[in-house]
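Side-chain atoms are counted along with the backbone in the values below, which use heavy atoms only and exclude waters and symmetry mates.
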Amino acid sequence: MKTLYIHQYFKTPDEGGANRSYFMAQALKAKGHEVEMLTAHNEQKASTKTVDGLKVNYLPVFYENQFGFFKRIKAFLQFIVLCKSFIKKHNDFDKIIASSTPLTVGFIAIWAKKRFNIPYVFEVRDLWPEAPIQMGAIKNPLLKLWLEKQELKFYKNAERVIALSPGMRNHIEKRAPEVKVELIPNVADCDFFERVKEKDENLVLQYGVKNKFVVSYFGAVGPVNDLMSLIKCAELSTHLPIRFLIMGEGSSLKGIKDYVAKNQLKNIFFIPYGTKEEVRDVMNVTDACYVSFLHKPVLRTNSPNKFFDAIASGKLIITNIQGWIRGLVEKRHIGFFADSDFPAEFGEKIKPFIDSPELLRKYQKASRETAELFFSRRELCHHFVQAIEGKNYQHEAEIRSIFSLSA
């Protein structure tokens, strides 16, 4: 089967960031499918490259995490136009995988289905337009209604829908109960990341964390990520032997750096956003990973990559997210919930892990086991391939029962 995988933010492991599309495409190729990626890059011209045997078509759509709402919309619309132009010239595909965000990728998929009779699978990474609506970015009631109608249309016209979290699956099944929805979360790359029992002394010196308990944050630093919640925790933890390492990029980073400098918070260090190998190096000296989002109901459904990298690395998980992440963290005993509204509690909750290396190791071991048992890249890629092939996944009941722990 020849498949076109459309994902505007496709990244390879060498580039860092989210690599889900890369691994899923490689899994399809390993099963004999012919796969092409259709994505965007910040170059002036379109180009085609072969990456690890995978054909990747790059379209010139400039995009940065610092973009505001309207610049993002402009980039999304430009991507739609260029994708349609590409498909007009290359429409011999048997199937399309349309991966959001943004939701606007659905316009490409539904157009290709009607124009060239190409069926599509819709992969939902975030709930749009619900997320920008709850964030206050979309306020016009007529626009909200129109976008919600388009969302429903994308679901109903899809051959199948793939949801990345229980909350997303529940939302889609409620809106379109007749649609087949597969729950396939992000993968924990247990082959690449490993549970380090002894920190690398050279890396310890490099990051200046000798004899310190290290809490790290990886990923986007935007309004929805609520990184100020971690900064507030750090501000109230100067009496503890903790170092906070932040490796990320985004529109909120400068403001956070300015706040840290203004308040002379010496326990916080910023590391340039890096490749997957550089993330692994920081993981090596890390004891706990912080996973956060704003307190918005829709954000409780997210499936953040940083969480899966952290459990693959066997780290204590600290999260301010309600919903399935908190449920899994607490019921699997791999970390604790840090309420953003009560940052003073952070020090009380983390102190037992600082005082007892044995307790820390117990939770870290459970974290790695959770990654291996429930989020294996091999198993989830197998599930993805079966979904694209139109087959029923034999462990679907097990997947649902696992996530019932964290509903």
Side-chain angles (χ1 to χ4, degrees), residues 3-8 20-21 24 76 79-80 83 93-135 137-138 140-186 296-303 323-324 380 383-404 406-407:
T3 302
L4 181 65
Y5 200 147
I6 307 174
H7 181 205
Q8 189 167 347
R20 176 189 176 91
S21 298
M24 297 306 180
F76 300 159
F79 187 66
I80 292 174
C83 281
F93 296 98
D94 300 302
K95 191 168 292 188
I96 286 175
I97 304 169
S99 187
S100 76
T101 57
L103 175 73
T104 44
V105 74
F107 288 110
I108 305 165
I110 205 167
W111 170 84
K113 179 180 179 179
K114 292 180 178 179
R115 181 75 180 270
F116 300 107
N117 198 31
I118 307 173
Y120 69 91
V121 173
F122 197 47
E123 184 178 42
V124 180
R125 293 167 178 260
D126 292 302
L127 291 180
W128 276 57
E130 192 61 29
I133 288 173
Q134 289 192 21
M135 290 297 296
I138 299 173
N140 185 294
L142 293 178
L143 179 57
K144 290 179 186 178
L145 182 62
W146 183 80
L147 286 171
E148 287 169 352
K149 285 184 177 179
Q150 301 312 306
E151 176 197 20
L152 186 57
K153 188 186 296 182
F154 298 154
Y155 298 154
K156 287 187 173 182
N157 280 274
E159 186 178 84
R160 290 193 184 200
V161 176
I162 294 174
L164 269 68
S165 78
M168 292 181 200
R169 179 200 63 204
N170 295 343
H171 171 87
I172 297 164
E173 289 182 336
K174 184 177 180 180
R175 293 221 61 202
E178 71 276 24
V179 174
K180 171 68 175 175
V181 184
E182 304 278 354
L183 173 57
I184 309 178
N186 277 323
K296 299 289 183 181
V298 69
L299 298 179
R300 298 173 187 172
T301 69
N302 279 1
S303 184
W324 80 275
L380 293 180
H383 186 178
F384 185 87
V385 170
Q386 288 193 314
I388 302 306
E389 292 177 342
K391 299 175 182 176
N392 291 324
Y393 182 56
Q394 61 180 344
H395 299 303
E396 179 69 21
E398 294 174 28
I399 289 290
R400 287 180 178 261
S401 67
I402 289 164
F403 282 105
S404 69
S406 50

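Checked against side chain to side chain donor-acceptor pair (under 3.5 Å), Thr301 has no partners two or more places apart in sequence or in another chain. Listed by chain and residue number, Trp146, Phe154 satisfy the ring-ring contact (aromatic ring centres under 6.0 Å, His included) test with Phe107 (two or more places apart in sequence, or in another chain). Taking the side-chain contact (heavy atoms from CB on, under 4.5 Å) definition, one finds that Lys114 meets it with Ile110, sequence neighbours left out. Under the side chain to side chain donor-acceptor pair (under 3.5 Å) criterion, Tyr5 pairs with Glu123, not counting sequence neighbours. For Ala109, the side-chain contact (heavy atoms from CB on, under 4.5 Å) partners two or more places apart in sequence, or in a different chain, are Ala98, Tyr120. With sequence neighbours left out, the side-chain contact (heavy atoms from CB on, under 4.5 Å) criterion links Glu159 to Lys95, Pro119, Val121. For the side-chain contact (heavy atoms from CB on, under 4.5 Å) test, residues two or more places apart in sequence or in another chain that qualify with Ser303 are Leu164, Ser165, Pro185, Asn186, Phe308, Trp324.
Summarising the geometry, atom CD belonging to Glu182 is positioned 11.5 Å from atom CD1 belonging to Ile172; distances are rounded to the nearest 0.5 Å. Expressed to the nearest 0.5 Å, how far CH2 of Trp128 lies from CG of Leu103 amounts to 8.0 Å. Once rounded to the nearest 0.5 Å, the distance linking CG of Asn157 with CG of Leu152 reads 9.5 Å. The distance from atom CG of Asn140 to atom CG of Leu147, rounded to the nearest 0.5 Å, is 9.5 Å. In this structure, the separation between CG on Asn170 and CE on Met168 is 11.5 Å, given to the nearest 0.5 Å. To the nearest 0.5 angstrom, Asp94 atom CG is 6.5 Å from Thr3 atom OG1.
At a threshold of 4.5 Å between non-hydrogen side-chain atoms, the residues Arg125 and Arg20 count as touching. The shortest distance between side-chain heavy atoms of Phe79 and Thr104 does not fall below 4.5 Å. Contact annotation: the side chain of Tyr155 never approaches that of Val181 to less than 4.5 Å [non-hydrogen atoms, C-beta and beyond]. Using a 4.5 Å heavy-atom cutoff, the side chains of Lys180 and Asn392 are in contact.
Of all non-hydrogen atoms in Arg160 and Ala387, the two that sit nearest each other are CD-O, 3.7 Å. Nearest approach of Arg169 to Leu183, heavy atoms of both residues: NH1-CD2, 3.3 Å. For Met24 against Ile184, the heavy-atom pair with the smallest separation is CE-CG2, 4.3 Å. Pro132 and Leu127 make their closest contact through CD-O, 4.5 Å (heavy atoms, listed as atom of the first residue, atom of the second, distance). Looking at every heavy atom in both residues, Val105 comes nearest to Phe122 through CG1-CE1, 3.8 Å.
Identified under the salt bridge (charged side-chain N to carboxylate O under 4.0 Å, His left out) test for residues 143-154, with sequence neighbours left out: Glu151-Arg175.
Checked by atom type and distance alone, the side chain of Gln134 pairs as donor or acceptor with a backbone atom of Val298 at under 3.5 Å.
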